[in-house]
Chemist: 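I have a structure here, written as structure tokens, and I will follow up with some questions on it.
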Amino acid sequence: RIVAEAAKTPNGKGIFWKIEKAGVSPSYLLGTMHVTDPRVLAMPKGASEAVAEASTIVIESDEILDEKKAAAAMLMHPELTMFTDGTTIRDHLSADDAEKLEAGLKARGLALAAVARMKPWILSSFVALPACELARKASGASFLDKHVAEDAIKAGKKVVGLETMAEQLQAMAALPVEFHLQALIETLELGDKMDDIIETMTALYLAGDTGMTMPMLEAVAPSKPGQDESAYAAFEKRIVTDRNKIMAERAAPLLADGKVFIAVGALHLP
């Protein structure tokens, strides 16, 4: 069923694309995974050469290159990452779900009291990633997009971002908080299975089967009776489609000059 669903997805195969136009030097588009996994960092055949030949490197947000700048950008918009109305995440959850959250965070060495004012999409990033990924990030390893941008800076190349971090967070904040709360609890309920999901996503990514990712995720966490199907459609529209249009518009003038290497999350390609 997953394979059949993926087959209906336009451009659901391939993570590395060449962009050509008569009279303009070719550019390239790489779909990435925002992880530090060495298998992902290796990049597909020809990508390293394309980076070397490019004069401009384009990523989702160039603010990731400067942690202080990124932190400042988030502090400018506290409502995008924190509950600023005096409530905590407990106030938005049933007693049963709050217990699940507390236990899930504790298993990852986090106390709910310390992160209670954080919005659910921030907490989801703590509980969705496997221990090996968190350990690599804690030791200073860069995820693929950042790795490409850092190497470009060292090589004296121009690095451009297509979005600001505030815009990315605003996209998340635009979705109903109930959707994010539900996603957070579902992630916790998956428990150890979450590691299997990340590994499967990685295997699909390395095989270039980007069109299979969303059908796979839907099969793993199917809608429960009475669950709002439109919430997932809203997620795809706001987090993928709407941002694709913005990224395409902002990339167009850069691509007009050629010799550009663009690296954005692989879910933006299908």
Side-chain angles (χ1 to χ4, degrees), residues 9-37 39-66 69-70 73 141-172 201-202 204-214 236-270:
T9 308
N11 303 321
K13 290 231 175 237
I15 54 169
F16 185 42
W17 297 75
K18 188 177 188 180
I19 304 165
E20 295 177 288
K21 184 179 180 179
V24 180
S25 297
S27 291
Y28 294 86
L29 171 65
L30 175 70
T32 66
M33 258 187 104
H34 306 318
V35 293
T36 62
D37 189 320
R39 295 169 296 173
V40 171
L41 294 184
M43 294 201 292
K45 191 180 171 195
S48 296
E49 292 80 356
V51 172
E53 285 168 24
S55 51
T56 304
I57 305 297
V58 180
I59 55 176
E60 287 183 20
S61 172
D62 59 348
E63 289 171 343
I64 59 168
L65 286 165
D66 185 338
K69 191 176 168 186
S142 295
F143 58 97
L144 178 55
D145 315 53
K146 191 177 179 185
H147 186 70
V148 167
E150 285 169 340
D151 284 353
I153 294 287
K154 283 179 200 157
K157 295 178 190 284
K158 182 178 165 191
V159 174
V160 179
L162 295 175
E163 305 171 299
T164 65
M165 286 184 88
E167 284 176 322
Q168 291 178 335
L169 287 166
Q170 275 156 357
M172 296 297 273
M201 281 176 77
T202 307
L204 290 174
Y205 171 79
L206 294 170
D209 283 322
T210 52
M212 222 181 276
T213 306
M214 289 304 277
E236 197 159 356
K237 181 183 184 302
R238 191 68 193 88
I239 305 301
V240 183
T241 315
D242 288 357
R243 289 176 58 217
N244 277 356
K245 288 172 184 169
I246 292 165
M247 289 198 274
E249 280 166 16
R250 292 176 184 173
L254 299 165
L255 289 167
D257 294 331
K259 297 192 85 169
V260 172
F261 183 93
I262 302 177
V264 296
L267 274 185
H268 292 287
L269 302 191

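Below, each value reflects all heavy atoms present in this structure, side chains not excepted, and no hydrogens, waters or symmetry copies. Everything numeric here is computed off the predicted structure, so don't read it as measured data.
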Chemist: Can you find a heavy atom in the side chain of I64 that is under 4.5 Å from one in the side chain of S142?
Modeler: no
Chemist: If you measure from CG on L65 to CD1 on I59, what distance do you get to the nearest 0.5 Å?
Modeler: 5.0 Å
Chemist: Assess the residue pair M172 and I239 against the criterion (side-chain contact (heavy atoms from CB on, under 4.5 Å)); give the C-alpha distance rounded to whole Å, side-chain angles, the decisive distance to 0.1 Å, and a yes or no.
Modeler: CA-CA 7 Å; M172 296 297 273; I239 305 301; 3.5 Å; yes
Chemist: Judged by atom type as modelled, is there a donor-acceptor pair below 3.5 Å linking the side chain of K18 to the main-chain atoms of P26?
Modeler: no
Chemist: Nearest 0.5 Å please: distance from the NZ atom of K146 over to the CG atom of L41.
Modeler: 12.5 Å
Chemist: How long is the gap from CE on M201 to CE on M214, to the nearest 0.5 Å?
Modeler: 9.0 Å
Chemist: Provide the closest heavy-atom pair for T210 versus N11 in the form atom of the first, atom of the second, distance.
Modeler: OG1-O, 4.0 Å
Chemist: With rounding to the nearest 0.5 angstrom, report the CE to CG distance, M33 to L206.
Modeler: 8.0 Å
Chemist: Taking all non-hydrogen atoms of both residues, which atom of Y28 and which atom of I19 are closest, and how far apart?
Modeler: C-CD1, 4.2 Å
Chemist: Please confirm whether the backbone N or O of G31 pairs with a side-chain atom of Y205, one donor and one acceptor, at under 3.5 Å?
Modeler: yes
Chemist: Do the non-hydrogen side-chain atoms of V264 and R243 ever get within less than 4.5 Å of each other?
Modeler: no
Chemist: Where do G211 and P270 come nearest, in terms of heavy atoms and distance?
Modeler: N-CG, 4.2 Å
Chemist: Do D151 and V51 have side-chain heavy atoms sitting under 4.5 Å apart?
Modeler: no
Chemist: Indicate the atoms forming the closest heavy-atom contact of A149 with V159, along with that distance.
Modeler: O-CG2, 3.9 Å
Chemist: Can you give me the closest heavy-atom contact between E167 and E163, atom names plus distance?
Modeler: OE1-CA, 3.3 Å
Chemist: Hey, what's the ring geometry for H34 with F143, parallel, tilted or perpendicular (30° and 60° as the breaks)?
Modeler: perpendicular
Chemist: Please report the interatomic distance CD(Q168) to CD(E63), rounded to the nearest 0.5 Å.
Modeler: 8.0 Å
Chemist: Please report the shortest heavy-atom distance between G208 and I15, naming the atom on each side.
Modeler: CA-CG2, 4.2 Å
Chemist: For D209, what residues pass the salt bridge (Lys or Arg N to Asp or Glu O under 4.0 Å) criterion, not counting sequence neighbours?
Modeler: K13
Chemist: In Å, rounded to the nearest 0.5 Å, how long is the span from CE of M247 to CD1 of I262?
Modeler: 9.5 Å
Chemist: Would a 4.5 Å heavy-atom cut-off, applied to side chains only, mark V24 and L255 as touching?
Modeler: no
Chemist: Ignoring hydrogens and angles, tell me if any N or O in the side chain of T32 forms a donor-acceptor pair with the backbone of A263 under 3.5 Å.
Modeler: no
